[in-house]
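Working notes, beginning with the structure itself.
Please read all numbers here as calculations on a predicted model, not as lab measurements. If you read the sequence from its start, that first residue is 1, and numbering goes on from there.
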Amino acid sequence: MKTVFVSLLALVAATPALAQSDASLPPKDAEGNDITVTASRSGEGIAVKDLPASITVLSSEQLEERQTRNVSDILRDVPGVAVNRSIGGLTDIRIRGTEANHVLVLIDGIEASDPYQGQYDFGTLIADDKARIEVLRGQQSSLYGSDAIGGVIQYITPTGTESQGLSARVEGGSFGTAAGAARFGGVAGTLDYALSGTLYRTNGTPTARDGTRNVGYTGVGASAKVNWTPSDIFKLTGVGRYSYTDALSNDTAFSGPKFGYIVDTPGSHFRNKAYYGLLRAALSLADGKWNTALTGQIADTTRTGYSAFGVDYGDKGRRYKGSLESSFQFGSDQFRSKLTGAVDYEREEFQNTVVSPFAFSGRKSTENWGFVGQYEGTIADALVLGASIRRDQNDRFADVTTYRLQAGYRLPFGLRAHGAYGTGVKNPGYFELFAYADGRYIGNPNLKPEKSKGWEAGLDQEIAGGKAKIGATYFDSKLEDEIYTTFPAPTFVASPANRTTLSRQKGVEVFASAQPIDQLRFDIAYTYLHARENGTVEVRRPNHIGSFNTTVFSMDKRFSTTLTVRYNGRQDDVAFTNPSFIPVRVSLQEYVLVNLNAEYKLSDRFSVFGRVENLFNERYEEVFSFATPGRGAYGGVKARF
């Protein structure tokens with residue numbers, strides 16, 4: 001490995017390499033096009049309209065118009081994305097039928113998943129003012145390594161330049177809910193700064209079928225982003241973030257007539273704390289053609305569960321990551337090229353924090369080196385080409401090489417064809433390897449990484465000079481060595497294992513968006529998914545998902561109202577209602593959620609707003625036997641100075 005590392009460092013020094021996705025870049029380019037920083041390791045923004053990969057950008061305006069409080073809610077409006085939110089438990093996000101731990105999550109460029117759990121809990125993420133989200137779909141391990149089989153979600157808070165001054169929001173409403181957010185940002189000479197904080201507290205509603213115990217939670221978030229640019233060629237970026245969640249929870253009954261169902265569990269709750277930090281130094285030479293960056297980051301997460309008798313479980317995960325990245329642009333106006341290279345080092349540490357005779361409470365760790373090469377090219381502003389390759393060298397799992405090829409071509413009348421083929425990898429997490437629950441679960445330290453390969457092809461069309469856009473993409477992926485849960489006789493204690501057969505996910509993603517006049521905007525998304533695990537329908541993957549959002553403004557733009565309709569088709573789940581702990585299949589009914597909100601600007605500084613969530617009081621379950629909230633109404637005031 002040392003020889004490879006030295007050789008690649010020599011290559012980086014000779015031909016500029018890459019930069020970690022730079023979340024300090026503005027959301028639009030000089031021509032007003034939406035840009036993405038997630039789809040390239042060059043550290044530079046790419047116009048979304050030209051990217052051959054499948055990506056959706058949820059702007060800060062869309063989050064604001066839909067009055068987004070839980071980030072997971074607006075992700076339901078993204079093609080290919082399925083959400084399973086269980087209040088008091090994990091909130092899972094799946095892309096293109098992959099598992100929740102197959103989705104890499106970045107927050108302002110920081111890899112945010114819990115190293116112990118192996119995934120990010122979106123139930124802990126409350127939306128910041130003026131934040132935006134990028135959702136990159138398809139195998140992206142050639143850029144980011146493990147976890148990016150289904151895609152990448154990056155949550156980005158604004159810089160001081162993007163949102164200057166002081167803003168605040170307070171609201172209250174149904175279920176004893178009180179929430180607020182504050183933000184302060186600006187520019188002082190060479191310093192760009194932004195501070196933000198969020199609070200969301202609710203008494204909640206019952207989460208057990210026929211239950212009466214309200215399951216509420218308190219979520220707190222705080223972040224800081226600073227950019228220091230002492231010259232045209234150097235920029236130093238610092239990001240810090242804190243997240244705290246204290247949530248009640250209900251457990252599964254393992255005795256009595258409700259065996260296998262969620263039941264009221266007084267005293268049961270959990271606390272989740274997370275700290276994130278990033279420091280990035282970027283150097284730009286050769287009139288901006290050669291860009292190099294050095295990044296260091298940390299994620300530190302702690303989760304503790306409590307029962308009526310005290311601490312029930314606890315775990316801690318920590319990730320240190322460093323990246324040396326550089327990119328070089330060359331060519332002419334008709335043939336532009338960019339070469340990028342990177343070296344990533346990552347160390348993950350895991351630990352059970354509760355002493356138990358049934359669980360290993362020592363600390364274990366995994367180290368990984370990743371070596372990345374990427375090419376991006378544009379010919380005559382019509383043909384866009386991309387290729388990336390990555391070699392990961394791991395001290396616990398077998399070394400692996402992943403790659404991706406993609407291309408897109410736009411015709412003069414606005415029709416664009418695009419396609420891609422890629423591979424991905426997901427390493428087992430600590431929970432799968434070493435976790436233990438007495439009599440119910442035991443980890444498997446002999447697990448192998450999961451591997452994926454797949455392709456996609458799509459068309460999109462711009463209409464009326466960009467006022468409207470429609471598109472559709474077909475995708476087809478295969479997963480081998482899939483980690484699944486076995487229940488071997490005679491004890492039937494759950495334990496993970498690798499499948500010897502292939503699992504397959506294929507489907508179609510469709511979208512349409514338009515703003516025919518300044519006073520009207522709408523977005524439509526639909527996904528058809530066919531996901532099979534060893535020939536059996538995968539759980540919590542509905543065949544049909546769709547959403548419709550429309551916002552109407554008054555002529556003077558002081559009043560706006562937004563209607564949101566989200567459809568989730570019938571889906572399978574598993575239930576442990578059999579005393580032998582062998583799971584049985586259950587079917588969860590389809591549901592439609594309708595939200596309606598409005599905002600009125602009293603002046604340039606003050607506005608009032610209100611919304612009704614689940615307008616028609618739909619009764620539904622996203623996870624077996626987990627009840628969900630009914631109709632709720634909320635209102636508040638916003639101020640900007």
Side-chain angles (χ1 to χ4, degrees), residues 84-92 100 116-117 121 123 203-217 245-272 303-315 352-361 431-432 434-444 484-497 536 539-540 571-589 619-629:
N84 291 99
R85 185 182 180 208
S86 55
I87 298 173
L90 291 174
T91 295
D92 293 334
Y116 181 93
Q117 300 289 341
D121 179 9
N203 292 335
T205 59
T207 62
R209 286 186 189 176
D210 305 318
T212 59
R213 180 182 185 242
N214 290 331
V215 174
Y217 70 94
T245 301
D246 189 342
L248 301 182
S249 58
N250 282 326
D251 298 332
T252 303
F254 291 110
S255 63
K258 288 288 187 178
F259 189 99
Y261 287 82
I262 298 298
V263 296
D264 287 345
T265 315
S268 180
H269 68 109
F270 73 87
R271 293 192 180 111
N272 192 97
R303 193 178 186 97
T304 306
Y306 301 86
S307 70
F309 306 102
V311 176
D312 187 36
Y313 66 87
D315 53 73
N352 285 310
T353 57
V354 175
V355 177
S356 167
F358 306 108
F360 175 77
S361 58
F431 184 86
E432 295 165 319
F434 303 110
Y436 190 100
D438 183 27
R440 287 178 286 170
Y441 182 90
I442 184 170
N444 180 0
Y484 73 112
T485 304
T486 64
F487 300 87
T491 62
F492 300 104
V493 174
S495 183
T536 303
V539 300
R540 301 181 188 175
Q571 59 185 324
D572 283 358
D573 204 350
V574 292
F576 294 87
T577 54
N578 188 325
S580 67
F581 287 100
I582 299 176
V584 297
R585 284 265 170 167
V586 294
S587 180
L588 304 182
Q589 298 295 318
R619 298 299 179 183
Y620 64 101
E621 291 182 3
E622 298 185 66
V623 178
F624 172 71
S625 79
F626 268 93
T628 49

Got a second to check how far [X]'s [atom1] is from [Y]'s [atom2], nearest 0.5 Å?
X	Y	atom1	atom2	result
Gln571	Leu588	CD	CG	5.0 Å
Thr205	Asn214	OG1	CG	6.5 Å
Arg303	Asp121	CZ	CG	5.0 Å
Tyr441	Phe487	OH	CZ	10.0 Å
Phe254	Phe259	CZ	CZ	6.5 Å
His269	Leu248	NE2	CG	7.5 Å

All N/O donor-acceptor pairs, side-chain side in residues 84-91, below 3.5 Å, sequence neighbours left out:
unit_1, atom_1, unit_2, atom_2, d
Asn84, OD1, Arg94, NH1, 3.0
Asn84, ND2, Glu622, O, 2.8
Arg85, NH2, Tyr217, OH, 3.2
Ser86, OG, Leu90, O, 2.8

Which heavy atom of [X] sits nearest a heavy atom of [Y], and at what distance?
X	Y	value
Gly211	Pro206	O-CB, 3.5 Å
Tyr306	Val311	CE2-CG2, 3.6 Å
Thr207	Val215	OG1-CG2, 3.4 Å

Any donor-acceptor N/O pair, [X] side chain to [Y] backbone, under 3.5 Å:
X	Y	result
Thr353	Asp315	yes
Asn444	Pro496	yes
Thr486	Pro488	no
Ser495	Ile442	yes
Thr628	Phe626	no

Non-neighbouring partners of Tyr261 that pass side-chain contact (heavy atoms from CB on, under 4.5 Å), sequence neighbours left out: Arg209, Lys258, Thr577, Phe624, Ser625
Which residues share a side-chain contact (heavy atoms from CB on, under 4.5 Å) with Asp264, sequence neighbours left out: Ala208, Thr212, Arg213, Asn250
Asn352-Tyr116 side chain donor-acceptor pair, cut-off 3.5 Å: yes
